Amino acid sequence: MLLKNCRVLYHGEEDIKDILVEKGKIVKIYRCSEVEELDIDEIIDMDGNWVLPGVIDVHTHMRDPGLSYKEDFETGSKACAKGGVTTFIDMPNTVPNTTTKEILDAKESNSKNRSYVDYGFHFGGSKLDNSEEIRKVRDRVASTKIFLNMSTGDMLVEEEKVLENLFKESKIISVHAEEEMVDKAIDLARKFRKPLYLCHLSKKSEVEKLRAAKKRD
C-alpha cells in the first residue's frame, strides 16, 4: 500500500512524502517523484494531511468494571481512536481492584470485543500482599501498579516486607509515588533490579531525583 502526499516531520522538518507500507509496516519513505514506477496494489492520497505514528497510551483509566458511569472500554477506546491512540494500557483501580488472577480473567472477558483499538492491562499490588497472584499473571500484564501514596481500596502499600515481595515478584513496576516515596520506589527497583515507571511526576524535585538515579545507573 502506498500513502501519497503525506505531510510528515522528516529529519525534524515538515515535508510532503510518499510512504510505502507492507504487511502493516512502513518500509520506505520516498520523495513524491520517486515512486512512479513502483507496482502498488493500493494507493491512498492523503492530500497533504498529517501522518503520524500511532500513540501508545500506557496510563489510562477505563473505569470498567465497577465505575463505568465515568468511562468504559467502548467510550474510552473510541476516544483513543479519534485522537490517534492505537493501543492503551488500563490501570487496575477499578471495582473490584485488579489484584487477583480471577479478577484479571473477568476483566479480560468483560472487555473482549468491546474496544476499537488494541489494549492491555496493568495489575495491582495490594497491601494484603498478593505477590503469589502477581507471579501467576506477570507474563500477561504490562506491569504491576503499586501505590506508595494514598489511593483507594487495598492498594496503598506501606509495609516494607510487603513492598519487597511485590517488587520481587513483578517483571515491571509502575508506581504512584510522590516526594520521598519517589526515593523509596527507585531504591526498591534498584535493589530487585526491576524496570520502573514513575506514573506521576508533578514537582521539579521529583524529576531531579529521577535524573540523578538514571545517571547512577
Side-chain angles (χ1 to χ4, degrees), residues 9 11-12 52-63 71 76 80 83-94 96-101 103-104 107 117-217:
L9 281 176
H11 296 298
L52 302 171
V55 175
I56 299 174
D57 188 343
V58 299
H59 191 143
T60 63
H61 293 272
M62 294 305 172
R63 306 299 185 187
E71 187 75 277
C80 286
V85 174
T86 58
T87 303
F88 67 86
I89 312 294
D90 189 44
M91 284 293 174
N93 49 331
T94 46
N97 300 151
T98 313
T99 54
T100 69
K101 178 182 179 298
I103 295 172
L104 178 64
K107 194 172 184 179
V117 298
D118 293 333
Y119 62 91
F121 297 101
H122 295 287
F123 199 65
S126 170
K127 69 178 183 181
L128 304 178
D129 191 352
N130 63 335
S131 51
E132 290 189 8
E133 296 295 316
I134 291 172
R135 192 181 305 120
K136 296 175 186 176
V137 304
R138 60 190 175 191
D139 291 326
R140 293 169 49 190
V141 296
S143 80
T144 303
K145 175 69 177 292
I146 300 176
F147 290 81
L148 301 181
N149 292 94
M150 182 61 67
S151 185
T152 58
D154 293 324
M155 299 189 74
L156 172 60
V157 184
E158 297 177 293
E159 187 177 334
E160 185 73 19
K161 183 59 177 177
V162 174
L163 280 172
E164 290 191 351
N165 289 342
L166 300 183
F167 270 74
K168 181 179 179 181
E169 294 301 334
S170 301
K171 291 184 70 174
I172 299 174
I173 311 293
S174 299
V175 290
H176 179 131
E178 302 169 24
E179 298 181 333
E180 71 277 1
M181 289 296 118
V182 172
D183 293 315
K184 167 73 75 174
I186 291 171
D187 289 344
L188 285 167
R190 181 177 286 113
K191 179 177 180 179
F192 293 101
R193 303 179 65 82
K194 303 292 182 175
L196 179 68
Y197 165 43
L198 293 160
C199 296
H200 313 93
L201 292 177
S202 57
K203 292 185 175 182
K204 179 182 178 181
S205 59
E206 295 169 351
V207 175
E208 289 173 345
K209 291 175 189 291
L210 176 59
R211 286 174 174 163
K214 292 177 76 172
K215 286 182 179 179
R216 290 198 302 273
D217 294 337

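The first residue in the sequence is number 1, and the count goes up from there. Keep in mind the model is a prediction, meaning the values are calculated, not measured.
- Looking at S174 and S143, their side chains do bring a donor and an acceptor atom within 3.5 Å of each other.
- When all heavy atoms of I186 and K209 are compared, the closest pair comes out as CD1-O, 4.0 Å.
- Closest approach of E206 and S202 over heavy atoms only: OE1-N, 3.0 Å.
- In terms of heavy-atom proximity, A177 sits nearest to L198 at CB-CD2, 4.4 Å.
- Around atom CD1 of I56, no more than 12 heavy atoms belonging to other residues, nucleotides or ligands sit under 6.0 Å away.
- H122 contributes no side-chain N or O that, together with a main-chain N or O of N93, makes up a donor-acceptor pair within less than 3.5 Å.
- A 6.0 Å sphere centred on NZ of K194 holds more than 12 heavy atoms belonging to other residues, nucleotides or ligands.
- With S170 contributing its side chain and I172 its backbone, the two residues share no donor-acceptor pair below 3.5 Å.
- In plain terms, the two heavy atoms of H176 and H200 that are nearest each other are ND1-CE1, 3.4 Å.
- No donor-acceptor pair closer than 3.5 Å links the side chain of E169 to the backbone N or O of S131.
- Heavy-atom contacts from other residues, nucleotides or ligands closer than 6.0 Å to CD of E180 number more than 12.
- Ring planes of Y197 and H59: perpendicular class, angle over 60° (limits at 30 and 60°).
- Closest non-hydrogen pair, V85 versus V117, comes out as O-CG1, 3.4 Å.
- Contact between E178 and N149 at its shortest, heavy atoms only, is N-OD1, 2.7 Å.
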